[in-house]
Protein chains: 2
Amino acid sequence: MTVPTTGRRERKKAATRQKIADTALRLFLERGYGSVGIRDVAAEADVAVTTLFSHFASKEALVFERDDDFEQRLTQAATGRAPDEPLIPALRREIHALVRHCTAESAAPVWRMIEESPALREYEESMRLRHAQSLAEALAAATDVPQSVTACRTLARFVIDAYALAREATDPQAAVDEIFEMIEAAWQVTCPSVSGRQGPAGRGGPQPG
Amino acid sequence: MTVPTTGRRERKKAATRQKIADTALRLFLERGYGSVGIRDVAAEADVAVTTLFSHFASKEALVFERDDDFEQRLTQAATGRAPDEPLIPALRREIHALVRHCTAESAAPVWRMIEESPALREYEESMRLRHAQSLAEALAAATDVPQSVTACRTLARFVIDAYALAREATDPQAAVDEIFEMIEAAWQVTCPSVSGRQGPAGRGGPQPG
DNA sequence: ACGTTAACACTAACGGTTAGTGTTTTGGAA
DNA sequence: TTCCAAAACACTAACCGTTAGTGTTAACGT
């Protein structure tokens, strides 16, 4: 604890990382993802290839530099919601925000690039698998009711699916709502004893056991 | 149409393909997926590297040689079911069979190898995305009721998820049933007019439009 | 029998990634 | 202040999956 978590060293490291990521994204957008090699990025960012790979695990990871945010926002929506807010609406709200964020015009060129590159699409899919696993663990820890592990994992997958499906729909926001109605119904079924599915709040202590 | 679909040429090609696949799987199981190079496989199968890649698009594809079967069985379960069999149970039955097939002891070494290799897991995931897209199209074409495109795509994803999730559950068969109860509820919600969700059969012509 | 087609082979390379090795910078301790 | 251990960084050279380019051979249809 002798370090205030922001030494000069860490600042420099973060700066190098950021410089690499910015350079990479700029080159990718300028010349196309496939037409820019790792050696090009490293040279333009004025670092060695090995340095680049000490900051990013792969070429694709350069594009999804901020994916930690995604994961944290999602798990936060599950574990850090207000005590009277039901789970599914909280998740829906967060997915809404995330979809809105990545369908904004400012992000359009990046997402177009991703959609055009099979390698990037594949990488994103495997990223989502990790996100679903994190979310499943958060759900298992946060859920007020004793759903099974399988149910939590399933809900996590469905939520991630909602994000992916909504993005490729013609009306992403409407698609989120449509899919979340399905998810809500699926989740209701896993509740041991909830008679009416139209109650003013989904919570309210289903009995444990 | 003058060819009876089994000329000598096609037989030879199929034989070469099979020889490559068999050799690859044998070597992978003997020495480990990561420790066997493409050049090793090609040499052992007595073909050139370029020949190998004319039969298989990638190294990972050597392992999932039969994935067309998976796709066809799934779409067949959606489009080719008996006229009085409801959709969801038909899909559940097929997923049951597929899960049982790949959790059999004879397939255990292969699936252990897949689970241990990140590259293979990633490839399998992107394969499933393709399967989900095929299934979504089959659903849109086969469903008796006028569900939306988004609903069909969502159901397809959920079904593929069921397969993936069940396989990593402690009791795969039970997990299939548990997840399909969730899927059934999700699908009911998309039916325009089904008053009781406990009706004897989900089918029965909700009005179009 | 013959031209077309497609499978197959070979060499050489491209591009992402890693190993091995050494140098510089940084933060903290003596 | 001085010195040390750790970590970032650099460089070379390679590994490995994959593809391009170029031929050669064998099978199919006419």
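In the text below, chain A, chain B and the rest are named by the order of the sequence lines, each starting its count at 1. None of these values were measured; they are calculated from a predicted model. Note: hydrogens, waters and symmetry copies are ignored here, and every other heavy atom, side chains too, is used.
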For the pair made of [atom1] in [X] and [atom2] in [N], what is the distance, rounded to whole Å?
{"X": "B:Leu52", "N": "D:dT19", "atom1": "CG", "atom2": "C1'", "value": "13 Å"}
{"X": "B:Glu60", "N": "D:dT18", "atom1": "CD", "atom2": "C1'", "value": "11 Å"}
{"X": "B:Glu122", "N": "D:dG17", "atom1": "CD", "atom2": "P", "value": "16 Å"}
{"X": "B:Arg11", "N": "C:dA7", "atom1": "CZ", "atom2": "P", "value": "15 Å"}
{"X": "B:Leu62", "N": "D:dT18", "atom1": "CG", "atom2": "P", "value": "9 Å"}
{"X": "B:Lys59", "N": "D:dG17", "atom1": "NZ", "atom2": "C1'", "value": "8 Å"}
{"X": "B:Phe53", "N": "D:dA20", "atom1": "CZ", "atom2": "P", "value": "12 Å"}
{"X": "B:Arg31", "N": "D:dC16", "atom1": "CZ", "atom2": "P", "value": "13 Å"}

Base, sugar-phosphate, or nothing: which does [X] touch, judged by heavy atoms less than 4.0 Å apart?
{"X": "A:Val36", "result": "sugar-phosphate"}
{"X": "A:Asp40", "result": "nothing"}
{"X": "A:Val47", "result": "sugar-phosphate"}

- Task: Report yes or no: is there a donor-acceptor pair, N or O only, under 3.5 Å between the side chain of A:Arg39 and the base of C:dG16?
- Result: yes
Compare side-chain N and O positions of [X] against OP1 and OP2 of [N] and report whether any pair is under 4.0 Å apart.
{"X": "A:Ser54", "N": "D:dA8", "answer": "no"}
{"X": "B:His55", "N": "C:dA7", "answer": "no"}
{"X": "A:Thr16", "N": "D:dC9", "answer": "yes"}

- Item | Nucleotide of D:dG21, C:dT17, D:dA26 approaching B:Lys12 most closely (side-chain heavy atoms) | D:dA26
- Message: Please pick, from C:dA9, C:dG20, D:dC9, the nucleotide with the shortest atom-to-atom distance to any side-chain atom of A:Thr50.
- Response: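 Ranking C:dA9, C:dG20, D:dC9 by closest atom to the A:Thr50 side chain puts C:dG20 first.
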Strictly by modelled atom types, are [X] and [Y] linked by a side-chain donor-acceptor pair under 3.5 Å?
{"X": "A:Gln72", "Y": "A:Asp68", "result": "no"}
{"X": "B:Asp177", "Y": "B:Gln173", "result": "no"}
{"X": "A:Glu125", "Y": "B:Ser126", "result": "no"}

- Query: Got a sec, which residues hit side-chain contact (heavy atoms from CB on, under 4.5 Å) with B:Thr79, two or more places apart in sequence or on another chain?
  - Reply: B:Gln76, B:Ala138, B:Ala142
- Does the gap between the ring centers of A:Tyr163 and A:Phe70 come in under 6.0 Å? yes
Give the table of side-chain donor-acceptor pairs shorter than 3.5 Å for residues 36-45 of chain B, with sequence neighbours excluded, one pair per line with atom names and distance.
unit_1	atom_1	unit_2	atom_2	d
B:Asp40	OD2	B:Gly37	N	2.9
B:Glu44	OE2	B:Arg26	NH2	3.2

- Flag, side chain of B:Thr51 to backbone of B:Val47, donor-acceptor distance under 3.5 Å: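 Flag not set: sc B:Thr51 to bb B:Val47 has no pair under 3.5 Å.
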Kindly give the atom pairs (protein nitrogen or oxygen, nucleotide nitrogen or oxygen) under 3.5 Å for nucleotides 4-7 of chain D.
unit_1	atom_1	unit_2	atom_2	d
D:dA6	N3	A:Arg9	NH2	3.0

- Do we get B:Lys59 above B:Tyr123's six-membered ring, with its NZ or CZ under 6.0 Å from the centre and within 45° of the axis? no
- Task: Hey, which sits more toward the 5' end of DNA chain C by its nearest nucleotide, B:Arg17 or A:Ala57?
- Result: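 Checking each residue's closest nucleotide, the 5'-ward one belongs to B:Arg17.
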